[in-house]
Structure formats: C-alpha cells, structure tokens
Amino acid sequence: MLKSKQQTLDQAVLDELIRAVGKEYVHTNVEQLVCYSYDATATRQRAMPDVVVKASTTEEVAAVVKVADKNNIPISPCGARSGLSGGSIPLYGGIALDTTRMDRILEINAPDMIATVEPGVVTKRFQDEAARHKLFYPPDPGSAEFSTLGGNIAECSGGMAGIKYGVTRDYVLSLEVVLPDGRVINTGKKTWRTVAGYDLTRLFVGSEGTLGVFTKITVKLIPLPAKVETVLAYFSSAGNAVDAADGIILDQGVIPKTLEFVDSICIDSVRGYGGIDIPKEAKAMLLVDVDGDPQIVKRERLRVEEACKKNNAFQIVIAEDVEKRNALWQVRRVISPALFKVAGKKLNEDVCVPRSKIKEVTEEAYSLAREYSIDTACFGHIGDGNVHINFLYGEGDEQQAKVDKMLDRVMEKVIALGGTITGEHGIGTAKAKHLPWEIPRDELELMKSLKKLIDPKNIMNPGKIFVS
Ligand SMILES: Cc1cc2nc3c(=O)[nH]c(=O)nc-3n(C[C@H](O)[C@H](O)[C@H](O)COP(=O)(O)OP(=O)(O)OC[C@H]3O[C@@H](n4cnc5c(N)ncnc54)[C@H](O)[C@@H]3O)c2cc1C
C-alpha cells in the first residue's frame, strides 16, 4: 500500500534522502513544496509533495528511488514543470524528484550524428549547441526555451516542426532509466537502428514519468538545413487559412518545416506584441517555415505564397533573416500565455485529427463557444492535424461546469472523427477521464498490466494516465 496522501515523512526517511543527495538538496520548507504543487495546466490542479529532492547523478536518482521503494513512498519526477496535463504534480504527495540539476550535454558526436544528454538540459540550449556543430535537433515545443529534454521525452512532445520532421519519439535512440525499484537499465542502442528485441525505448518515450526516471538520453541529430525562410499570411476567415494549409501540402506538394494556424482571438491577444503590425482585418493567419538548400527554399516559398494567395490571403509577409524570423516566431510562441488576457482561466487542449477533419473540429469548437457563451480560441500545428482548442473562461462553478461539458463534447467529436484526445501534452491527470473513451478496454488493460509489471508497488508518479 502506498503511504497516504500528504503525510509528513519520518525523519529516518528524510535522513536517508539526505544521505542520497546531500542536505542542501532535500527541501521540506513550504515555500519549496508549493512551487512543486502545480504545473502549467490551466485548471490549476494542485497537490503538495512531502519533500522536494534535487538529484544530480544517476547514482543519486537510483538511491532516492530505492528509498521510495523501500518505504512505499510515491515519487513524481519533474523537469521545468511546464507540462500541460498535470504530469509532474505529486498527486499522492511523497517525493517530487527534480532532475534539472542533471543538465550536462555529455556528448555531441557529429560523425555518428547523435548526442547524449542529461534529462535536465533545456531544449533550446541543446538545439543551439547542436546547431554550433551544424546539426539539427528538430523537436521544437513552444516551451523550448524553458522545458527540459527529460520532460519532452516523458511527454513525447511535439511542437512546431512535427509536420516535416516528426516528434520527440522519432529522435530518441537510447535511454538510461532508473526503474521504480532502483535498478538502472539502458534501452535501445546509440545507433540509428536496432531491432534487437522489443522496443523498450518507444515504451518509455511518452510514459509520463510513470515507468521510471530518465537519467541519460541519446538522440539522433540531422544536418542543419542551410536556409530557413518564413511566410506569414493573413486571411479574413479561419476557413480560408485552413484551405490554404491544404493547398500548400496537397496542391503545391510542399511539406514545410512548420505550418502553424492562428485564429482571430489568438491574433487579438498578441496584437502589438514585439512590434509586429498585424492588420485590423486579420481573422486568421498561417505561419510557415520552409527550410533546406537555398534554391529549394526559394522554390517552396513561392509555392507556399501561391497557395495562400489562391485561398484569399490578403497580405503576406516574408522573413528571410534570422532577426525578422525570430520576431515573427516570438509572436507565435507567446500566444498560449497571452490568451490569459482574454479571461482569467484557460483550458488548453491538444487534440489531433486526421488532416482532412481539421475544419470540422475547429467548427465544432466555435459552435460550442456560441452555444455555451465561452470564448474559444484555436491555434496550433495544423500541418499535422494538431489543433490547440482553448476554452477561455472566468471564475465560478457555473463557468467550470460549462467548460467541463464543452470539453466532453470536443473529446467525443474528436474520437468520432478518428482523432486522438492528445497529440502532444499527454494524459497526466487532465485527460485521464477521457482516455477510456479513446482506447478500447483490451488495449487499456494491456497498458495497465505493463505499468504493474514495471512498477508493482505503483510508486512511480501514481494517479497519472489511468483513472484507476
Ligand atoms: C507556453 C507553453 C508552450 C508549450 N508548447 C508545447 C508544444 O508546442 N508542444 C508540446 O508538446 N508541449 C508544449 N508545452 C507543454 C510542456 O512544455 C511539454 O510537455 C514539456 O515537454 C514539459 O517539459 P518539462 O521539463 O516542463 O516537464 P515537466 O512538466 O516537469 O514534466 C512533464 C512530465 O515529464 C515527467 N518527467 C520530467 N522529467 C522526467 C525524467 N527525468 N524522467 C522521467 N520522467 C520525467 C514528469 O513526471 C511529467 O509526467 C508547452 C507548455 C507551455 C507552458
């Protein structure tokens, strides 16, 4: 049996933790505990750990996990706590195990086109370091400037470049994992291929901290594209923008590096930000990067412009130099927090549908917004069908009840369209209720059996993914 929620740990246990990582990295003061009681999930779910432990090596993580195992204490790994599904929240108290001190880039091996890092490395720092070797790590969540690779791997984060380059899982070759009983294993190989045995790496990627703690991560890298250009196209309707996205891929045959959709509420929330002059009539926009060899980039950029014009883009901005590109992208990256300007509360969903159903899912969101009188904003990586539907609402039970109903209706629709309830944020606690709506019973039972096999005491991030 797990120790009950929120109970003070014995001094003897705290002493063991102190022996494992050192006194200055074991915190029981309320100021520290509060900071680990929530993540970026807008429902603001909270649960306090009993203790925060900051480990700096595999050996320290293993020692901490062994203490948890011996004493049946829940343990929730965490990185930057920027998750959007409640994944790092220590629902049953116990140990919040922070891996951000493990922030070394251990190796960037250009000839083998791989890198090995510790889990606390911030994504953008790693991308920049790889670029210095003329190498490219494509997974690029909107949180790249602060989220950690450990968190990215645990959530199988997606992000902007998914349409052309895939998501985090497509780059992870090997993981060092501390299992819930403290054993250390290495999955996969530091090679671009292996088919030796079951693919444990894929099992751990996206496991949301429920199967073990990652302590080393080996990823593959690809050559850094020589050139990137950005096209920003403004439209007077969301429908035109979605049609233009189709036109880019299906008519013009271009798979761009990014294909981001932004609707009118999102545009209004970032108007004036970063000196970008957004036209008043803009009701939707597409932000598109094309990358590769300069001649290919030029050709593809013209095709992207062509598709946008054909679908009634009324203004197109081109950014060729890094500074201008960054300015446009910064506007896109701040949309998620900027939406808090519209209403005090925000529920950000990350559904993913077959590409042909994007219009249907966004129209459902806007129709629910009218029915329930709750502002609803859509943006996201529509190139690969991943739409962020944001319900923007106020305080009070009535508002919350409306949003709960809207969420259920969206999830029903997405599943009916053949889509998935989460394309990149994970299930965590936020979508645990909806998981059985999507995953048939036999598959769900198999998943739970795997969890039980690897974590028989259910100490590793309990309460996540599965309702029971
Ligand atoms: C503004 C904003 C934009 C975002 N944009 C995107 C986006 O475009 N795409 C996207 O996919 N997500 C996005 N996110 C969500 C979030 O940033 C990602 O899920 C990210 O991967 C979380 O990383 P983190 O370091 O903050 O992890 P945390 O939130 O700390 O943890 C996330 C999960 O990882 C587990 N975990 C953390 N470290 C380890 C470890 N060492 N071993 C095992 N498990 C571990 C935790 O237990 C938890 O389940 C965004 C968030 C914000 C706030």
Side-chain angles (χ1 to χ4, degrees), residues 35-36 38-42 49 54-56 58 61 64-65 74-91 95-103 117-124 126 139-162 167-169 175-180 204-217 258 260 329-330 332-340 346 348-350 352 379-381 384 386-388 390 422-430 432 460-465:
C35 294
Y36 287 77
Y38 59 93
D39 67 0
T41 312
K54 298 177 180 174
S56 69
T58 304
V61 170
V64 171
V65 172
I75 183 163
S76 296
C78 65
R81 290 163 278 134
S82 71
L84 287 170
S85 58
S88 67
I89 299 173
L91 215 57
I95 302 168
L97 179 57
D98 181 329
T99 55
T100 55
R101 287 178 65 219
M102 303 176 73
D103 65 350
V117 300
E118 291 184 328
V121 173
V122 169
T123 315
K124 175 82 165 55
F126 177 56
D140 187 27
S143 53
E145 284 187 14
F146 42 88
S147 65
T148 66
L149 287 163
N152 292 179
I153 275 100
E155 298 290 5
C156 187
S157 290
M160 317 294 176
V167 296
T168 298
R169 95 159 40 85
L175 290 170
E176 180 183 82
V177 186
V178 177
L179 294 175
F204 282 97
V205 175
S207 60
E208 303 191 25
T210 64
L211 298 181
V213 186
F214 311 139
T215 43
K216 287 193 186 76
I217 298 159
T258 67
E260 293 290 307
W329 272 100
Q330 196 50 28
R332 161 63 188 87
R333 286 185 189 278
V334 299
I335 286 174
S336 188
L339 285 172
F340 281 109
K346 171 169 76 91
N348 175 355
E349 291 305 316
D350 63 316
C352 187
F379 69 92
H381 327 301
D384 44 6
N386 194 190
V387 186
H388 291 301
N390 294 265
T422 174
E424 56 178 17
H425 295 164
I427 297 292
T429 55
M460 195 54 75
N461 215 4
K464 309 297 162 61
I465 304 182

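Counting starts at 1 for both ligands and their atoms, following the listed order.
The proximity of Thr215 to ligand 1, defined as any non-hydrogen pair under 4.0 Å, does not occur for either the backbone or the side chain. Proximity of Cys78 to ligand 1, defined as any heavy-atom pair under 4.0 Å, is shared by backbone and side chain alike. In Ala80, the parts holding a heavy atom less than 4.0 Å from any atom of ligand 1 are both the side chain and the backbone. With a heavy-atom cut-off of 4.0 Å, His425 touches ligand 1 through its side chain alone.
Between Phe204 and Phe214, the angle of the ring planes goes over 60°, which puts this pair in the perpendicular group of the 30/60° scheme.
Between Val122 and Ala144, the shortest heavy-atom distance links the atoms CG1-O, 3.5 Å. Heavy atoms only, all atoms of each residue included: Ala55 and Arg101 are closest at O-CB, 3.5 Å.
Among protein heavy atoms, atom 40 (C) of ligand 1 sits closest to Phe214 N, 3.9 Å. Looking only at heavy atoms of the protein, atom 49 (O) of ligand 1 is closest to Glu208 O, 3.0 Å. What sits closest to atom 2 (C) of ligand 1 on the protein, heavy atoms only, is Ser143 CB, 4.1 Å. Protein heavy atom closest to atom 28 (P) of ligand 1, with residue, atom name and distance, is Arg81 N, 3.5 Å. Nearest protein heavy-atom contact of atom 19 (O) of ligand 1 is Glu155 CG, 3.5 Å. The nearest heavy-atom contact from the protein to atom 27 (O) of ligand 1 is Gly151 CA, 3.4 Å. Taking atom 6 (C) of ligand 1 as the reference point, the nearest protein heavy-atom neighbour is Gly142 N, 3.5 Å. Protein heavy atom nearest atom 31 (O) of ligand 1, with residue, atom name and distance: Ser88 CB, 3.9 Å.
Counting the atoms of ligand 1 from 1 in the order shown, those under 4.0 Å from a heavy atom of Ser147 are 17 (O), 20 (C), 23 (O), 25 (O). Every atom of ligand 1 with a heavy atom of Gly212 under 4.0 Å away is listed here by number and element: 43 (C). Close contacts of ligand 1 with Asn461, meaning ligand atoms under 4.0 Å from a residue heavy atom, involve 47 (O), 49 (O). Every atom of ligand 1 is numbered from 1 in the order shown, and the set under 4.0 Å from a heavy atom of Ala40 is 53 (C).
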Q) Does the pair Lys54 and Thr100 meet the rule for a side-chain contact (heavy atoms from CB on, under 4.5 Å), with working shown? A) CA-CA 8 Å; Lys54 298 177 180 174; Thr100 55; 5.8 Å; no
**Q.** Trace of the side-chain contact (heavy atoms from CB on, under 4.5 Å) decision for Asn390 with His388
**A.** CA-CA 6 Å; Asn390 294 265; His388 291 301; 4.0 Å; yes
Q: Please report the C-alpha distance between Val65 and Met460 in whole Å, then the side-chain angles of each, then the deciding distance to 0.1 Å, and finally whether the side-chain contact (heavy atoms from CB on, under 4.5 Å) criterion is met.
A: CA-CA 9 Å; Val65 172; Met460 195 54 75; 4.3 Å; yes
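Among Pro141, Gly426, Gly158, the residue whose heavy atom lies closest to atom 11 (O) of ligand 1 is Gly158. Selection from Ala144, Pro139, Ser82 by nearest heavy atom to atom 15 (C) of ligand 1 gives Ser82. Checking Asp39, Ile153, Leu84 against atom 50 (C) of ligand 1, the nearest heavy atom belongs to Leu84. Between atom 36 (N) of ligand 1 and the options Gly83, Ser85, Ala154, the minimum heavy-atom separation is to Ala154. Counting heavy atoms only, Pro77 comes closest to atom 47 (O) of ligand 1 of the residues Ala55, Gly159, Pro77.
Of the inter-residue distances, the one linking His425 atom NE2 with Cys352 atom SG reads 11.5 Å to the nearest 0.5 angstrom. With rounding to the nearest 0.5 Å, the separation of SG in Cys78 from CG in Asp39 is 10.0 Å. Atom CD of residue Glu145 and atom OG1 of residue Thr123 lie 10.5 Å apart, to the nearest 0.5 angstrom.
Among the candidates Ser82, Ser147, Ser143, the single residue satisfying the side chain to side chain donor-acceptor pair (under 3.5 Å) test with Asn152 is Ser147.
Heavy-atom separations between His381 and ligand 1 include at least one value shorter than 4.0 Å.
Residue-to-ligand polar distances place Thr148 within reach of ligand 1: an N/O pair is separated by less than 3.5 Å. At least one N or O atom of Gly87, backbone or side chain, sits closer than 3.5 Å to an N or O atom of ligand 1. Taking any N or O of Gly79, backbone or side chain, at least one lies under 3.5 Å from an N or O belonging to ligand 1. Residue Asp140 has no N or O atom closer than 3.5 Å to an N or O atom of ligand 1. Taking only nitrogen or oxygen atoms, main chain and side chain alike, Ser336 does not reach within less than 3.5 Å of ligand 1.
Looking only at atom types and distance, the side chain of Ser76 has a donor-acceptor partner in the side chain of Asn461 under 3.5 Å away.
Relative to the six-membered ring of Tyr38, Arg81 misses at least one condition, a distance below 6.0 Å or an angle of at most 45° to the axis.
Here Glu260 pairs with Arg332 in a salt bridge; the nearest charged N to carboxylate O distance falls below 4.0 Å.
Residues passing the salt bridge (charged side-chain N to carboxylate O under 4.0 Å, His left out) test with Asp350, sequence neighbours excluded: Lys431.
Thr429 is not listed as a side-chain neighbour of Ser85, based on a closest heavy-atom distance of 4.5 Å or more. A heavy-atom distance below 4.5 Å is not found between the side chains of Thr215 and Val177.
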